[in-house]
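Since the structure comes first, as structure tokens, the remarks are kept for the end.
Predicted model, so just to flag it, every value in this text is computed and none were measured.
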Amino acid sequence: MNDVVDEQVVGLMEVSPLAEELAERFARAGHRLYLVGGSVRDALLGRQSGDLDFTTDARPDRVLKIVSGWGDAVWDVGIAFGTVGVTKKGMQLEITTFRADSYDRVGRNPEVTFGDSIEGDLLRRDFTVNAMAVELASKTFIDPHDGLTALRERVLDTPATPQESFADDPLRMLRAARFAAQLDFTAAPRVVDAMTSMAEEIDRITAERVQAELSKLLLAADPRPGLELLVETGLADRVLPEVPGMRLAIDEHHQHKDVYQHSLTVLAQAIDLEKTHEPTSEPDLILRLAALLHDVGKPATREFQPGGGVSFHHHEVVGARMARKRLRALKFSKEVVDDVSQLVFLHLRFHGYGKGEWTDSAVRRYVTDAGPLLARLHKLVRADCTTRNRRKAAALQATYDDLEARIAALKAKEDLDRVRPDLNGEQIMELLGLKPGPDVGKAWKFLKELRLDRGPLEHDEAVAELKKWAAENGVGDA
């Protein structure tokens, strides 16, 4: 077993000779250096990373002296927690002194205590797959908690008991869900039990840290296992309650889709479209959030209809408001909040397209309201077509093909990306004898609506329409 591990470690060193170079510096200074945690885990999984994590018996001030003059840049922002950062040839390295921390179990900040052994350091780590190390000078593999077996079986378990681990740092429960998504791992039964019984402990964690973990989870290749673990354990009720809130009871007389399962399917299909349309692009957090949350307004708007039907009138309006509120609470950036809520608001509009009955004006408004989100809206709408009826699904996709063709045709004739009035503010003021003020804005808005309805106008036609509007509304000198 160790021979296999050593071969993989040697392979990693060939990819990252900086690790050996750094280890030699520590050895010359009389200290041991270990590759540790996620760096070892990922190496054994064949995943390459641009960052490397190390631990050492050297105290932080000693680490600073060892790396001084070697790294391209050195920073000590985390030195109070025993961490020194180094960049070298484009790689980021973090070197942390052995830790043996204790926690007050009220917040999540530890009382930093430096340890004396690698075994003690590994015991305090979150999961056994992250509690493996390689002593670099001798290429010795250290695995006191059988993390290698857990890695092979793709199981998440904790070095200490899950209750101790999560009480020390409740964020580890979200990390379990994130690793389930990122690495296709399954949480051990005792981990699931602890996450379930201790879910309320996540309230100790700041919204910013919760948001960071949820974002990493959603950006994984397959977020579904992580999301399902959050819902199963009740953690989602604490950090993203709108998602489990979509699990609607379905009675025998009023049939409709399971909104929660539908939303997970839409998320998966949006990810597929993300890769298909732009195979070299990075995962799109805004699209994925919109796909997950696009139907959060349905529970609040559900109405049973005579004859067994179910309606969700204006769920896109309610959903956009709910998405905005939740994303703000999670401290997402204003851009993310605005873009996701706008996509949720717009996701249903296409269904009024019918068999192509929209006028050019309606198509212009669709493009203008989406603005820079249009490409994402295309993907979201297509992902939302989840019917099992293949003929109906094909018809929906064909209809959307037609809409995209309509958009392309209009774009070939006019600038749809920046629909503006045919007269600018200065021209409006000159023609109507106005000074800057509300009336100029009203006139501008009228011309913008006219532009959306009729497309680009000749200058004289736009002037005539403006003067007619001004006369009818008692504005300016008209």
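Residues satisfying the side-chain contact (heavy atoms from CB on, under 4.5 Å) criterion with A370, sequence neighbours excluded, are L346, L374, L377. Taking L327 as the reference, L289, L293, F332, V337, V340 meet the side-chain contact (heavy atoms from CB on, under 4.5 Å) condition, with sequence neighbours excluded. Checked against ring pair (Phe, Tyr, Trp, His ring centres under 6.0 Å), F345 has no partners two or more places apart in sequence or in another chain. The ring pair (Phe, Tyr, Trp, His ring centres under 6.0 Å) check on H378 picks up Y400, with sequence neighbours excluded. Scored by the ring pair (Phe, Tyr, Trp, His ring centres under 6.0 Å) test, F98 finds Y34 as partners (sequence neighbours excluded). The ring pair (Phe, Tyr, Trp, His ring centres under 6.0 Å) check on F185 picks up nothing, with sequence neighbours excluded. Taking R178 as the reference, Q182, E213 meet the side-chain hydrogen bond (donor to acceptor under 3.5 Å, both in side chains) condition, with sequence neighbours excluded.
Note on residues 61-72: no pairs pass salt bridge (Lys or Arg N to Asp or Glu O under 4.0 Å), not counting sequence neighbours. Under the salt bridge (Lys or Arg N to Asp or Glu O under 4.0 Å) criterion, the residue pairs touching residues 228-238 are D203-R238, R224-E228, with sequence neighbours excluded. Among pairs with a residue in residues 326-336, those fulfilling salt bridge (Lys or Arg N to Asp or Glu O under 4.0 Å) read E242-R326, K334-D338, at least two apart in sequence or across chains. Residue pairs that meet the salt bridge (Lys or Arg N to Asp or Glu O under 4.0 Å) test with at least one member in residues 74-92, sequence neighbours left out, do not exist here.
Aromatic ring orientation, F312 versus H315: perpendicular (interplanar angle above 60°, classes split at 30° and 60°).
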Donor-acceptor list for residues 189-199 side chains, cut-off 3.5 Å, not counting sequence neighbours:
| unit_1 | atom_1 | unit_2 | atom_2 | d |
| --- | --- | --- | --- | --- |
| R190 | NE | D157 | OD1 | 2.8 |
| R190 | NE | D157 | OD2 | 3.4 |
| R190 | NH2 | D157 | OD1 | 3.2 |
| R190 | NH2 | T158 | O | 3.0 |
| R190 | NH2 | A160 | O | 3.3 |
| T196 | OG1 | V192 | O | 2.8 |
| S197 | OG | D193 | O | 3.2 |
| S197 | OG | A194 | O | 3.3 |

Go through R59 and T97 one step at a time and tell me if the side-chain hydrogen bond (donor to acceptor under 3.5 Å, both in side chains) criterion holds. CA-CA 6 Å; R59 293 301 191 254; T97 300; 5.8 Å; no
Checking salt bridge (Lys or Arg N to Asp or Glu O under 4.0 Å) for the pair D258/R247: CA distance, chi angles, key distance, verdict? CA-CA 6 Å; D258 181 310; R247 294 180 296 179; over 6 Å; no
Walk me through whether R406 and Y366 qualify under side-chain hydrogen bond (donor to acceptor under 3.5 Å, both in side chains). CA-CA 11 Å; R406 291 273 304 279; Y366 188 76; over 6 Å; no
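Listed for the T128 side chain is no donor-acceptor partner under 3.5 Å among the backbone atoms of A131. A donor-acceptor contact shorter than 3.5 Å is absent between the side chain of D222 and the backbone of A181. Side-chain atoms of R25 come within 3.5 Å of backbone N or O of I66 as a donor-acceptor pair. A donor-acceptor pair under 3.5 Å links the side-chain atoms of T161 to the main chain of E164, judged by distance alone. No donor-acceptor pair closer than 3.5 Å links the side chain of D339 to the backbone N or O of I286.
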